[in-house]
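Chain A is the first sequence line, chain B the second, and so forth, proteins listed ahead of strands; every chain is numbered from 1.
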2 protein chains.
Amino acid sequence: MHNINIKELAKALDLSTSTVSRAFRDNSDISKETKERILAKAKELNYQPNHYASNLREQRSKTIAVIVPELANNFFSQAIHGIERIAREKGYHILIYATEDDYEKEVSFIHHLHNGRADGIIMSVSGEANDHNYLNELANKRLPLVFFDRVYEDIITPRVITNDYASSFSAAEHLIKQGCTRIAYLVINKNLSIGKTRMQGYIDALAKYQIPFDDQLVIDCSNSYKKNHSILKKMLREIQPDGVFTSVERLAFATYYACYDLEIQVPKDLKVIGFSSLEIAPLLNPSLTTITQPATEIGVEAARLLFKMLEDPSSVDVNKKVVLDSKLIKRKSTEKTA
Amino acid sequence: MHNINIKELAKALDLSTSTVSRAFRDNSDISKETKERILAKAKELNYQPNHYASNLREQRSKTIAVIVPELANNFFSQAIHGIERIAREKGYHILIYATEDDYEKEVSFIHHLHNGRADGIIMSVSGEANDHNYLNELANKRLPLVFFDRVYEDIITPRVITNDYASSFSAAEHLIKQGCTRIAYLVINKNLSIGKTRMQGYIDALAKYQIPFDDQLVIDCSNSYKKNHSILKKMLREIQPDGVFTSVERLAFATYYACYDLEIQVPKDLKVIGFSSLEIAPLLNPSLTTITQPATEIGVEAARLLFKMLEDPSSVDVNKKVVLDSKLIKRKSTEKTA
DNA sequence: TTGTAGGCGTTATCAG
DNA sequence: CTGATAACGCCTACAA
């Protein structure tokens, strides 16, 4: 495991360690020839400055942490993809943490990150609890934090989100225009910012068209695939909505499965629309009308924002909010039938 | 950004840094009371041992690197999920790198990892080039490496794969039994281990049923969505296969899109089967017959293997090969039609 | 332009 | 059981 270090490289070149070190920094004075000689030799001996020693010395890690609720999810994997790209451009590395929607893990990750491992954090929250105070420790220590998509309203830090209210409004409006009057709203946690905002769009769209709001039609779902399946089957049988609006992708799939089981025809008996980043939504049976968030771009913007904070903390207002537009893409699952 | 350090904590407790340090290591001698007093104070002041200093001192990072071709892919995100879980259990962190199927990036990531950043690497290769020698540097330095799924045959290191040959054989056999005689095999890179092995299963299945192999039916696809679309449309029009077997998920989707465009009916005119980790394959139109790899489990096994190497390098044979079984799940896309 | 020396925060060794 | 000290590898004043 013995990696060559700066001392050995210096000795091999008959130079001092400082000179060698300088060859790897951009700023310092060093003659061009010496620098080239050093870099050539370094390559030959496969020397690379030890990352931990540099970090210890420089007090920064060139690493950012990304915390997401889940990895096996189109939205998050695309967002991470965007973050990774920007990070790579900037010469940063990314650490990935999945909370699995578990509040304890979220707290634990954040705590661990206080040890200097990362220079900043990009996070989409689990939303499982109400005490977010642990995040303020970050602020005290000035570990820059950027939220994306799923945020805590009570924590003041820059965020990248989509126009959730407006897109929910249009989603509900779209269903109404397609003839739905009993529209169920499916949500995982209606207290989490995202569930709340999206619900408000739904409520206001109903109001606009004078459809009374019925809170029986707001269905609280869980993170468990099995539970959702029975919740939804029960709901479809007993409440018999003519439209379903799902606040997260997973619930749209669950709705499809439930409809298959119950032989409910989409879109004839039931129209379905959902937030989703699924790239193959056109291939579903029937193709799914989606509100599609620009997932990769959200990641890109979040990363850009974080790097801006890292470069100059004062250049970014803590209340900064980047809002990107989602797109409503109409497909068969909400088509009018004769 | 000032984090409290061990010195300050020691001073606050009127103890030496060594004693404080001991409270955070498991092995060392220290009285129970002192330890508790230290940990309590540490919590109060929110002290955590600086990760970079520890690493520098201990010469290990408690971090593993995961290199994959792409992130926005069901197989890899599920595999990473599995890796993440095991890593967390072991108290390790994971760094993520996406090569985007770019050989240069792959080489560059590997080189960078020589600086002590990670204690080991779990990797699924891009397969874009033939010179894999750069990986041998790892071996020289003994940076443990585990391959999963997409491997280089010429690099000797432990690997976790699936029974690709057998599952390809059954996939092709399944198509044949459903009445196909002109089966196209779609592949991204037929020289990469995985494309090659899977092709062999296809070829041997044809042979078993005395169907002559026609290399016109082996279709080389690319990583570009657009290019594939036209390649596949051309292929479907000109070669008119009655079955398609795709070696990667993406190509099954591309086939569906092409069929939609050309109004080719699946499964009536064309039967489709593909390697895929898509959880919602049943929801496709028509539902897709898949060979499903145990993606999460592959990640778990790869991580386990790597940790075993980290704990005791000699305990793992470099030729170690963990083979997991994929499952052939029959759905509508390969059904016989009247 | 190059070299010397001290310290980043931690932990292992050794002494008490 | 606890304390002092040196070292991990690197970078930056400062000196030459």
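- Here the P atom of nucleotide C:dG9 and the NZ atom of B:K11 are 13 Å apart, to the nearest Å.
- Each of B:A53 and B:T17 lies near DNA chain D, and the nucleotide nearest B:T17 is the one positioned closer to the 5' end.
- Out of D:dT2, C:dT1, C:dG9, the shortest distance to the side chain of B:R22 is found at D:dT2.
- The interatomic distance linking B:R60 (CZ) with C:dT10 (P) rounds to 16 Å, in whole Å.
- Separating the CD1 atom of A:I38 from the P atom of D:dC10 is a distance of 13 Å, rounded to the nearest angstrom.
- Rounded to a whole Å, the CD atom of A:E58 is 10 Å from the C1' atom of D:dT12.
- Of all nucleotides listed (D:dT12, C:dT2, D:dG9), C:dT2 comes nearest to the side chain of A:T34.
- Side-chain atoms of A:S18 come within donor-acceptor range of the base of C:dT4, with a qualifying N/O pair under 3.5 Å.
- Between B:Q59 and D:dA7 there is no side-chain polar atom (N or O) within less than 4.0 angstrom of OP1 or OP2.
- A donor and an acceptor atom, one from each side chain of A:Y52 and B:H51, are nowhere located under 3.5 Å apart.
- There is a side-chain donor-acceptor pair under 3.5 Å between B:D119 and B:S61.
- Between B:K7 atom NZ and D:dA4 atom P the separation is 12 Å, expressed in whole Å.
- One finds a salt bridge joining A:E301 and A:R304 here, because a Lys/Arg side-chain nitrogen approaches an Asp/Glu carboxylate oxygen to under 4.0 Å.
- Between the side chain of B:S16 and the base of D:dA4 there is no donor-acceptor pair of N/O atoms closer than 3.5 Å.
- You'll find the side chain of A:N50 stays beyond 4.5 Å of the side chain of A:N5, heavy atoms only.
- Taking every side-chain heavy atom of A:S31 into account, C:dT1 is the closest of C:dG9, D:dG9, C:dT1.
- Atom-to-atom, CD of A:E33 to C1' of C:dT2 comes out at 13 Å; the value is rounded to the nearest Å.
- In this structure, the nucleotide among D:dC10, C:dG3, D:dT2 sitting nearest to the side chain of A:I6 is D:dC10.
- Look at NE2 on B:H51: it is 16 Å from P on C:dG9, rounded to the nearest Å.
- Proximity of A:N5 to the phosphate of D:dG9: a side-chain N or O atom is located under 4.0 Å from OP1 or OP2.
- The separation between B:D14 atom CG and D:dT2 atom P is 13 Å, rounded to whole Å.
- Of the charged side-chain nitrogens involved, none lies within less than 4.0 Å of a carboxylate oxygen, so that B:E311 and B:K308 do not count as a salt-bridged pair.
- Toward the 5' end of DNA chain D, the nearer of the two residues A:S21 and B:T19, judged by each one's closest nucleotide, is B:T19.
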